[in-house]
Amino acid sequence: MENGKKIILFDGVCNLCNSSVQFVIKRDNKDRFRYAALQSDIGQRLVRERHIDTHNIDSIILIEPGVAYYTKSDAALEIAKDLGGFWSLLGVFQWVPTSIRNAVYDFVARNRYKWFGKKEACMVPTPELKAKFLE
């Protein structure tokens, strides 16, 4: 894994999650992030190393190697902050209590397959994006 890169773990079969990763890739002008599906071997290894229970957190995890990891709404806000510019303004939501933010996050996560659909398999990155995905 590359030093200094934050890792976004995501549900590789979720259409909403895949769209979110594409959204971040397009706006990651400083190339801060690398990506892996939770279902991948490396995704499973990273969650095991951090003792993350994916039965309770099954949508997005942001790992800052050697520093911390973030889940649910905290992960989303940290990613927005790192994208900079307008997106960093979403940091104002950190003032909302985590329990409220995560209740909204969990509601969307529970319904994501119903609302946005699900793929049969994890997305396969295009050749030009392949370097951004961990194997």
Side-chain angles (χ1 to χ4, degrees):
M1 281 181 270
E2 298 174 54
N3 288 338
K5 303 294 181 187
K6 296 179 182 182
I7 303 164
I8 297 175
L9 299 179
F10 64 99
D11 180 349
V13 298
C14 166
N15 287 336
L16 174 62
C17 303
N18 280 290
S19 295
S20 298
V21 165
Q22 294 298 324
F23 177 90
V24 173
I25 287 170
K26 286 178 186 170
R27 289 157 183 82
D28 183 17
N29 299 326
K30 295 185 180 175
D31 194 35
R32 295 177 192 249
F33 300 108
R34 292 297 174 259
Y35 310 86
L38 281 166
Q39 295 88 341
S40 69
D41 291 340
I42 189 142
Q44 288 296 298
R45 190 187 85 208
L46 290 167
V47 295
R48 266 194 319 276
E49 287 172 358
R50 287 156 183 82
H51 308 287
I52 300 170
D53 181 1
T54 54
H55 289 94
N56 293 325
I57 300 155
D58 66 347
S59 49
I60 190 169
I61 300 167
L62 175 66
I63 298 173
E64 196 170 347
V67 179
Y69 70 85
Y70 307 91
T71 61
K72 300 184 180 190
S73 64
D74 287 333
L77 291 174
E78 286 292 323
I79 292 166
K81 183 169 63 174
D82 282 336
L83 290 178
F86 168 79
W87 303 108
S88 61
L89 296 176
L90 294 174
V92 72
F93 287 106
Q94 288 182 316
W95 291 92
V96 175
T98 304
S99 60
I100 293 170
R101 283 189 280 120
N102 282 343
V104 172
Y105 186 93
D106 288 340
F107 178 73
V108 173
R110 269 193 314 277
N111 291 289
R112 69 188 187 271
Y113 295 145
K114 181 170 46 173
W115 296 341
F116 301 98
K118 184 176 177 178
K119 298 180 182 316
E120 292 299 315
C122 293
M123 77 177 227
V124 178
T126 62
E128 52 273 8
L129 291 181
K130 196 164 179 63
K132 293 184 175 288
F133 286 79
L134 302 176
E135 294 183 30

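Positions are given from 1, in the same order as the sequence printed here.
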Are [Y] and [X] connected into the same hydrophobic cluster when the rule is that any two of I, L, V, M, F, W, Y join if their side-chain heavy atoms are below 4.5 Å apart?
X    : Y    : result
Y70  : I100 : yes
I79  : V92  : yes
V67  : I8   : no
F107 : V96  : no
L62  : V104 : no

Quick one: does [X]'s side chain have a donor or acceptor within less than 3.5 Å of a partner on [Y]'s backbone?
X    : Y    : answer
R112 : C17  : no
R34  : L134 : no
D11  : L38  : no
K5   : P65  : no

*asked:* Heavy-atom count check: over 12 atoms from other residues, nucleotides or ligands less than 6.0 Å from W115 CH2?
replied: yes

*asked:* Within the supplied structure, the quantity of interest is the number of heavy atoms (other residues, nucleotides, ligands) at a distance under 6.0 Å from D41 CG; does it exceed 12?
replied: no

Minimum heavy-atom separation for [X] and [Y], please, with both atom names.
X    : Y    : answer
A37  : G12  : CB-CA, 3.9 Å
R32  : D82  : NE-O, 3.2 Å
Y113 : C14  : CE2-CB, 3.8 Å
N15  : K118 : ND2-N, 3.5 Å
R27  : L83  : O-CD2, 3.6 Å
G43  : S40  : N-OG, 3.0 Å

*Test L16 against V108 for side-chain contact (heavy atoms from CB on, under 4.5 Å), laying out the working first.*
CA-CA 10 Å; L16 174 62; V108 173; 3.9 Å; yes

_Give me each pair satisfying ring-ring contact (aromatic ring centres under 6.0 Å, His included) with a member in residues 13-43, each pair once, sequence neighbours excluded._
F23-W87, Y35-F133

*Might you work through the side-chain contact (heavy atoms from CB on, under 4.5 Å) test for Y105 and I60, ending with a clear yes or no?*
CA-CA 10 Å; Y105 186 93; I60 190 169; 2.6 Å; yes

*Got a second to check how far T71's OG1 is from I63's CD1, nearest 0.5 Å?*
11.0 Å

*Kindly determine whether R101 and L77 satisfy side-chain contact (heavy atoms from CB on, under 4.5 Å), including the steps that lead there.*
CA-CA 10 Å; R101 283 189 280 120; L77 291 174; 3.4 Å; yes

